[in-house]
2 protein chains.
Amino acid sequence: MAEQPIYRQIAEDLQHKIEAGELHWDSRLPSEKELREQYDASRNTVRDAIQFLMTRGLVETRPGQGTFVMKKINPFVTTLTSEPETGRGGGEEGVYLAEVRAFDREPKNSDPTVEIKKAEGAIARSLRIDRGDQVIVRHQERDIDATPWSLQTSFYPMTLVTQRGATDLIRADDIPDGAVAYLADKCGIEQAGYRDTISVRTPDENEIRFFKLPADGRVSVFEIYRVGFDKDGNRFRLTITVYPSDRNRLRVDVGEVPPRELPAATGEKAAAGE
Amino acid sequence: MAEQPIYRQIAEDLQHKIEAGELHWDSRLPSEKELREQYDASRNTVRDAIQFLMTRGLVETRPGQGTFVMKKINPFVTTLTSEPETGRGGGEEGVYLAEVRAFDREPKNSDPTVEIKKAEGAIARSLRIDRGDQVIVRHQERDIDATPWSLQTSFYPMTLVTQRGATDLIRADDIPDGAVAYLADKCGIEQAGYRDTISVRTPDENEIRFFKLPADGRVSVFEIYRVGFDKDGNRFRLTITVYPSDRNRLRVDVGEVPPRELPAATGEKAAAGE
DNA sequence: GCAAATTTGTTCGTATGTATT
DNA sequence: CAATACATACGAACAAATTTG
């Protein structure tokens, strides 16, 4: 049995101190120089230990200041199956706002940006249209409690506007009840169901900037492709939502499941959804 | 605009070469020594660049051999909502085997290990039992096409054995049709529904070993807590499944959704589920 | 506003250990 | 056993960000 490398030993010791409460939230760890003396190791080895803890989200470093114990994030739980009756799912406009407020947290939506583009490979395949077909791209940024929380981009075939009269899709305005409800009202396209495909990947440059994630991709993001189907099984929209995995959880309810309990005051456990 | 650090420049250059097809799948990158000469940088800097690419799953290192361009993994898609009729969900024994075989891939289940433990905090909360109550812990390892794919651990209250006669739960044998079906048969506990909570975290030591993940936790894992409810809303089991996020996707179908298409021969796209 | 001190970020060099061929 | 290549560890220097006087 090989002995643990030094940097791991140091990391473990620091981790224990953090978990034992010796180092509380937002308190500064000893500087690299001090740690070097404490553990009688080189600076690089100490830095390896700190990086190990950073990868696991226990500490963060601030250039010129020091290394700090990370605040435990109270994750927000998005229920993907939230409103089967209306055919709308968790994460969508109206549902999202209601969900967040139900947990006593403050949502904020940016104004949407609207673009017209040619469909690229993945988009065209998801919507079963031809590559190069015109699509409407609507993009929104969302905060919870003033922290950047998710990025949502929806793609609609241009034919919804040109042939079905859904002209509000190309206005750079919020659609108050959500695009799904609008399409039902305006052109009678009812969403009979949707399919979510969930993957995890490293964030790109934009996402790192918006979510204020560490630049080296230690914190990954959920990427959810949601394809909406009408009652004939046709695909009429694709929504891609990106959530940083450190501050989000997803939930799926199947069959008969008791309703969610509301958060007990500021209790972490209820909100964490166990 | 600050210039990019050298290790990022090298990483980008290598990434371009990979994406341009100059370095094809499974081909070896130049050794660290050669890269050092090519880019006129130190070995540590070259290693930083390689680590950057490893984090993003573009290359892998094999001690004693070199650094290789990673094969694009054909992810397996687990549908969490797969069999609403039977009350069983994706990832569970019978469903899992059928799902994998339907996509022409070869599943393998290890024999389960069975332990009796006292329920710890998270387990007790999930099952709504008291901390310290006895629970049965059944653990299984799963491969697909000889690659380690998921780790599953189920927790059952001991009362199912002592008061309801579900004695097979404490036998270290496979339960062929799955524990859910067994409990329905044996003690009439029907699973009326279940709730999945999905989070992402860094793998622990065991998971790194089993899944052969990079030791420093760059590749994260999905962790799915599935709580089963009977028709009275009581919780009778908790199953925690861990999937490496680099080779797995999750799917959720809500409402009326056309059936999945079967893979077109060996096509990546169909299997990826777009 | 500026300069000094502190702290982390990046880069270099070197040495030794370990795994594989 | 030897060669190759990655993993860990040491030391040193300068750069960049931040705080303090």
Side-chain angles (χ1 to χ4, degrees), chain A residues 1-14 23 26-55 57-70 208-209 212-219, chain B residues 1-14 23 26-55 57-70 203 205 208-209 212-219:
Chain A
M1 180 93 169
E3 206 178 289
Q4 284 232 319
I6 295 174
Y7 79 94
R8 293 288 288 271
Q9 294 176 34
I10 299 175
E12 259 178 51
D13 190 60
L14 289 171
L23 296 160
D26 215 32
S27 68
R28 223 200 73 182
L29 267 64
S31 72
E32 290 175 356
K33 198 175 135 220
E34 290 169 308
L35 288 173
R36 192 183 123 174
E37 286 156 10
Q38 274 184 42
Y39 292 102
D40 193 32
S42 77
R43 187 176 162 225
N44 282 338
T45 303
V46 167
R47 281 177 62 75
D48 282 346
I50 289 172
Q51 188 171 21
F52 184 89
L53 296 175
M54 279 202 290
T55 303
L58 278 110
V59 303
E60 70 182 318
T61 57
R62 301 175 200 157
Q65 296 184 66
T67 305
F68 296 81
V69 179
M70 283 247 277
I208 285 173
R209 214 176 15 255
K212 297 184 179 49
L213 297 175
D216 58 3
R218 282 189 307 270
V219 175
Chain B
M1 180 92 170
E3 206 178 289
Q4 286 232 317
I6 294 174
Y7 79 95
R8 289 287 289 270
Q9 294 177 33
I10 297 176
E12 259 177 53
D13 190 58
L14 289 171
L23 296 160
D26 214 33
S27 68
R28 223 201 72 181
L29 267 64
S31 73
E32 291 180 353
K33 199 174 133 218
E34 291 169 308
L35 287 173
R36 193 186 125 167
E37 285 156 11
Q38 274 185 40
Y39 292 102
D40 194 31
S42 81
R43 203 186 141 220
N44 284 341
T45 304
V46 167
R47 280 176 62 72
D48 283 346
I50 290 173
Q51 184 169 328
F52 185 88
L53 295 175
M54 278 202 291
T55 302
L58 278 111
V59 302
E60 72 183 316
T61 60
R62 302 176 200 154
Q65 297 181 62
T67 304
F68 295 81
V69 179
M70 281 247 280
E205 295 298 323
I208 284 172
R209 219 182 3 260
K212 298 184 178 52
L213 298 174
D216 56 3
R218 284 187 303 270
V219 174

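A:E12 pairs by the salt bridge (charged side-chain N to carboxylate O under 4.0 Å, His left out) definition with nothing, not counting sequence neighbours. By the salt bridge (charged side-chain N to carboxylate O under 4.0 Å, His left out) test, A:R28 pairs with A:E34, sequence neighbours left out. For A:R8, the salt bridge (charged side-chain N to carboxylate O under 4.0 Å, His left out) partners are B:E205, not counting sequence neighbours. Looking at residues two or more places apart in sequence or on another chain, you find a side chain to side chain contact (heavy atoms under 4.5 Å, CB included) between A:R43 and A:E32, A:R36, A:R47.
In this structure, CZ of B:F68 is placed 11 Å from C1' of C:dT21, rounded to the nearest angstrom. In this structure, A:I6 places its CD1 atom 17 Å from P of D:dA7, rounding to the nearest Å. The separation between B:R209 atom CZ and C:dA19 atom P is 14 Å, rounded to whole Å. In this structure, A:R8 places its CZ atom 13 Å from P of D:dA7, rounding to the nearest Å. If you take CD of A:Q4 and P of D:dT8, they are 11 Å apart, rounded to a whole angstrom. What separates CD of B:Q9 from P of C:dG9 is a distance of 19 Å, to the nearest Å.
With D:dC6, C:dT7, C:dT10 as the choices, the nucleotide that has an atom nearest any side-chain atom of A:R47 turns out to be C:dT10.
Interatomic distance, A:D26 CG to A:E60 CD, rounded to the nearest 0.5 Å: 7.5 Å. Considering CG of B:L14 and CD1 of B:I50, their distance stands at 7.5 Å, rounded to 0.5 Å.
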Every protein N/O lying under 3.5 Å from an N/O of nucleotides 18-21 of chain D:
none

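Looking at heavy atoms from C-beta onward, B:Y39 lies in side-chain contact with B:D13 at the 4.5 angstrom threshold. Using a 4.5 Å heavy-atom cutoff, the side chains of B:I10 and B:L35 are not in contact.
Nearest-nucleotide positions on DNA chain D place B:T67 closer to the 5' end than the other of A:N44 and B:T67.
Other residues, nucleotides and ligands contribute only 12 or fewer heavy atoms inside 6.0 Å of the CG atom of A:D40.
Residues of residues 29-43 of chain A that place a heavy atom closer than 4.0 Å to DNA chain D, in numerical order, are A:A41, A:S42, A:R43.
An OP1 or OP2 oxygen of D:dA9 is reached within less than 4.0 angstrom by no side-chain nitrogen or oxygen of A:Y7.
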